[in-house]
Amino acid sequence: MKILTALQIREADQRTIAEENIPSAALMERAANAFTEWFTRKFPDTGKNILICCGPGNNGGDGLAIARMLHALDYAATVWIVAPENKFSPDFLTNQERLPAAIPVTNIKQTSDFPEASEFNLVLDGLFGTGLSRSVTGIYAEIIQHINHLPAQVIAIDVPSGLYTEAPNQLGDAIVQADYTLSFEVPKLAFLLAQNEKYVGEWYLVAINLSPAFLADVTTDKFIFTREQVTQIIQPRRKFSHKGTYGHALLLAGSYGKMGAAALAARACLRSGVGLLSVHCPKVGYTILQTAVPEAMTLPDTEATHLTQLPDLNTYQAIGIGPGLGKEPATRHLVRQLLQTTPAPLVIDADALNIIAEENLQPALPPNTILTPHPKEFERLAGPASDDYNRLKLLQNFCRQYGCFVVLKGGHTCIGTPAGDLYFNITGNPGMATGGTGDVLTGIITALVAQKYSPLDACRLGVYLHGLAGDLARDQVGETALIASDLIENLGAAFRQFGS
Ligand SMILES: NC(=O)C1=CN([C@@H]2O[C@H](COP(=O)(O)OP(=O)(O)OC[C@H]3O[C@@H](n4cnc5c(N)ncnc54)[C@H](OP(=O)(O)O)[C@@H]3O)[C@@H](O)[C@H]2O)[C@@H](O)CC1
Ligand SMILES: Nc1ncnc2c1ncn2[C@@H]1O[C@H](COP(=O)(O)OP(=O)(O)O)[C@@H](O)[C@H]1O
Ligand SMILES: [K+]
């Protein structure tokens, strides 16, 4: 699914209106209908007092149309029209005319127009949407502060008012803090970034059937990958296949006190369909791994506590390195050697990433290597980011410069490609913010690469299924009690959702 800019969304509007030969107010009616349908399902109690704040543009027009529809369904709707100048969009005016006289309306041009405090349970924010052209000031900013202080749930229409859809706001900007954002047709970049969490709340998309031809043709470098795409990518196992069909993976992992990371990555790798798995670990890990993961073959290093020597690498279809690795001098040397000599594609995580950063080995990364940093590890590799938008720029530049795939982990994990494209994930939950879940992801992606999925598909499938396993685990144990092993236990159920 493409992530579009405000400008592209406006073009999509125009194309839809032209192709269907409809007035623009008809599209607004569609958007308001879609919003109202969602709203009545989410808030079926018609006894709530609803305040609908409308700005002067089409976002306000949506608000007016929604007020009319909710009123027809017996909800108690009150409208505030906030507009210091008498300058309204044509579709705003059309919907103002259509507003039933029974709906109370207050026109607010200045502070003294504020009505006496009244009790609202729900506020619908229709001040500004994708047409926001500058930071909000004056009476609009006052209204936004007012909304943010009301003891009511706030639902943003399309975009929380005051939030830019694809660029950072200035510190101190007035922005609505929504509990929910219901947005039309396409996701906006702002919704995917941690820095906007307190404005966007939970976000949902509703379809308004914008021009399919436009949506197919429009170009972007930012995408969300969907369940449908995962369905297309995932390969069923064939009847006469054997373990050789699904690749032999090698994991280089573990050190004294951190063998758990190696065990988690190994178990996740096996649960993700790899044909054979070998784990190269320090001697201290030999009994641990043979006991914890009997399905894996174990190759003990000569050193007891950390890895010092590469095994023969010639039999593997994928090599994963990093979980629990540590940063001993000999291990640093091993990482450098691996980058120089690997005959198989690499998946690099954790301390292997830190070693690459500290030793400035980025230029030695073989093409199409997959790196799986969390934001701190990424900062060590690519430098500090001024904000989440800037971090995405750094991500694109890094992937282009070194010809690699980077899985930047977080609430919406983002995969960067050597072409500079960004793919965002929508599965997963905060229960996964617990030690070891990243090791599980390394195991999954390594298994998928060994099975000959392309690097991009291995990243997309891996990240999606990892998050889905987390969501299934949450259904069983909740977010607080969730641990990394729960993800592994739920990988089977995650794959089974795709018949695999
Ligand atoms: N395809 C879709 O998704 C569909 C979307 N639809 C809806 O349309 C919405 C977009 O509507 P829109 O283009 O009229 O812009 P909107 O957000 O109402 O604001 C523009 C107005 O605000 C003003 N203004 C801006 N910034 C300001 C500021 N800081 N301070 C003060 N004023 C400011 C600006 O004035 P100007 O910049 O011209 O001076 C102008 O008057 C979209 O979010 C969705 O809700 C549906 O109806 C149909 C299908
Ligand atoms: N709030 C969250 N929502 C969704 N996924 C999350 C959240 N927090 C963490 N995760 C996921 O959990 C994993 C954590 O990885 P990482 O930080 O490397 O942990 P560790 O090093 O302990 O294994 C990543 O895949 C990340 O996307
Ligand atoms: K809004």
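Everything quoted here is computed from the prediction, not taken from an experiment. All ligand and atom numbering here is 1-based and tracks the order in the structure. The first residue in the sequence is number 1, and the count goes up from there.
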**Prompt:** Is at least one protein non-hydrogen atom found at under 4.0 angstrom from atom 34 (C) of ligand 1?
**Reply:**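 Answer no: nothing from the protein, no heavy atom, is under 4.0 Å.
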**Message:** Within the protein, is there a heavy atom lying under 4.0 Å from atom 9 (C) of ligand 1?
**Reply:**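 True for atom 9 (C) of ligand 1.
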Please check if the side chain of [X] supplies one atom and the backbone of [Y] the other of a donor-acceptor pair under 3.5 Å.
| X | Y | answer |
| --- | --- | --- |
| Glu185 | Ile208 | yes |
| Thr369 | Cys404 | no |
| Tyr164 | Ser135 | yes |

Below the 3.5 angstrom mark, is there an N/O of [X], backbone or side chain, next to an N/O of ligand 1?
| X | answer |
| --- | --- |
| Leu127 | no |
| Gly131 | yes |
| Lys87 | yes |

Counting each atom of ligand 1 from 1 as listed, which ones have a heavy atom of [X] under 4.0 Å away?
| X | value |
| --- | --- |
| Ser135 | 29 (N) |
| Met28 | 47 (O) |
| Val136 | 29 (N) |
| Ser133 | 25 (C), 26 (N), 37 (O) |

**Item:** Criterion salt bridge (Lys or Arg N to Asp or Glu O under 4.0 Å) on Asp349 and Lys409, from CA distance to verdict
**Value:** CA-CA 11 Å; Asp349 186 31; Lys409 295 180 288 192; 3.4 Å; yes
Under 4.0 Å, heavy-atom basis, I'd like to know which part of [X] is in contact with ligand 1: side chain, backbone, both or neither.
| X | value |
| --- | --- |
| Thr130 | both |
| Ile208 | side chain |
| Leu210 | side chain |
| Tyr140 | side chain |

Heavy-atom count around [X] [atom1] within 6.0 Å, excluding the residue itself: above 12?
| X | atom1 | value |
| --- | --- | --- |
| Arg391 | CZ | yes |
| Lys2 | NZ | yes |
| Asp217 | CG | yes |

**Request:** Not counting sequence neighbours, which residues clear salt bridge (Lys or Arg N to Asp or Glu O under 4.0 Å) with Asp173? List them please.
**Result:**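 Asp173: no salt bridge (Lys or Arg N to Asp or Glu O under 4.0 Å) contacts found.
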**Prompt:** So, Tyr75 versus Phe43, ring centres under 6.0 angstrom or not?
**Reply:**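 Ring-ring flag for Tyr75/Phe43: false, centres at least 6.0 Å apart.
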**Asked** Can you tell which of Tyr164, Phe128, Phe92 gets a heavy atom nearest to atom 23 (C) of ligand 1?
**Response**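 Answer by nearest heavy atom: Phe128.
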Name the closest protein heavy atom to [atom], giving the residue it belongs to and the distance to 0.1 Å.
| atom | value |
| --- | --- |
| atom 40 (C) of ligand 1 | Gly57 CA, 4.7 Å |
| atom 17 (O) of ligand 1 | Gly129 N, 2.5 Å |
| atom 1 (N) of ligand 1 | Asp13 OD1, 2.3 Å |

**Request:** Check whether any N, O or S atom of Gly63, backbone or side chain, sits closer than 3.4 Å to the K ion (ligand 3).
**Result:**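 Given the 3.4 Å cut-off, Gly63 does not count as a ligand of the K ion (ligand 3).
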**Request:** Please determine if the K ion (ligand 3) has an N/O/S atom from Asp125 lying under 3.4 Å away.
**Result:**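 Looking at Asp125, which is the residue asked about, there is an N, O or S atom under 3.4 Å from the K ion (ligand 3).
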**Asked** Between O of Val159 and O of Ile157, what angle is found at the K ion (ligand 3), rounded to 10 degrees?
**Response**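 An angle of 80° at the metal.
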**Asked** Taking the K ion (ligand 3) as the vertex, what is the angle from OD1 of Asn59 to OG of Ser161, given to 10 degrees?
**Response**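 Result: 100°, to 10°.
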Just list the N/O pairs, ligand 2 to protein, that are under 3.5 Å apart, with the distance for each.
| from | atom 1 | to | atom 2 | distance (Å) |
| --- | --- | --- | --- | --- |
| ligand 2 | 3 (N) | Asn429 | O | 3.3 |
| ligand 2 | 12 (O) | Met432 | O | 3.2 |
| ligand 2 | 12 (O) | Thr437 | OG1 | 3.2 |
| ligand 2 | 15 (O) | Gly438 | N | 3.4 |
| ligand 2 | 18 (O) | Lys409 | NZ | 2.6 |
| ligand 2 | 22 (O) | Gly436 | N | 2.8 |
| ligand 2 | 23 (O) | Gly436 | N | 3.2 |
| ligand 2 | 23 (O) | Thr437 | N | 3.4 |
| ligand 2 | 23 (O) | Gly438 | N | 2.7 |
| ligand 2 | 23 (O) | Asp439 | N | 3.2 |
| ligand 2 | 27 (O) | Gly410 | N | 3.2 |
| ligand 2 | 27 (O) | Gly410 | O | 3.0 |
| ligand 2 | 27 (O) | Thr413 | OG1 | 3.0 |

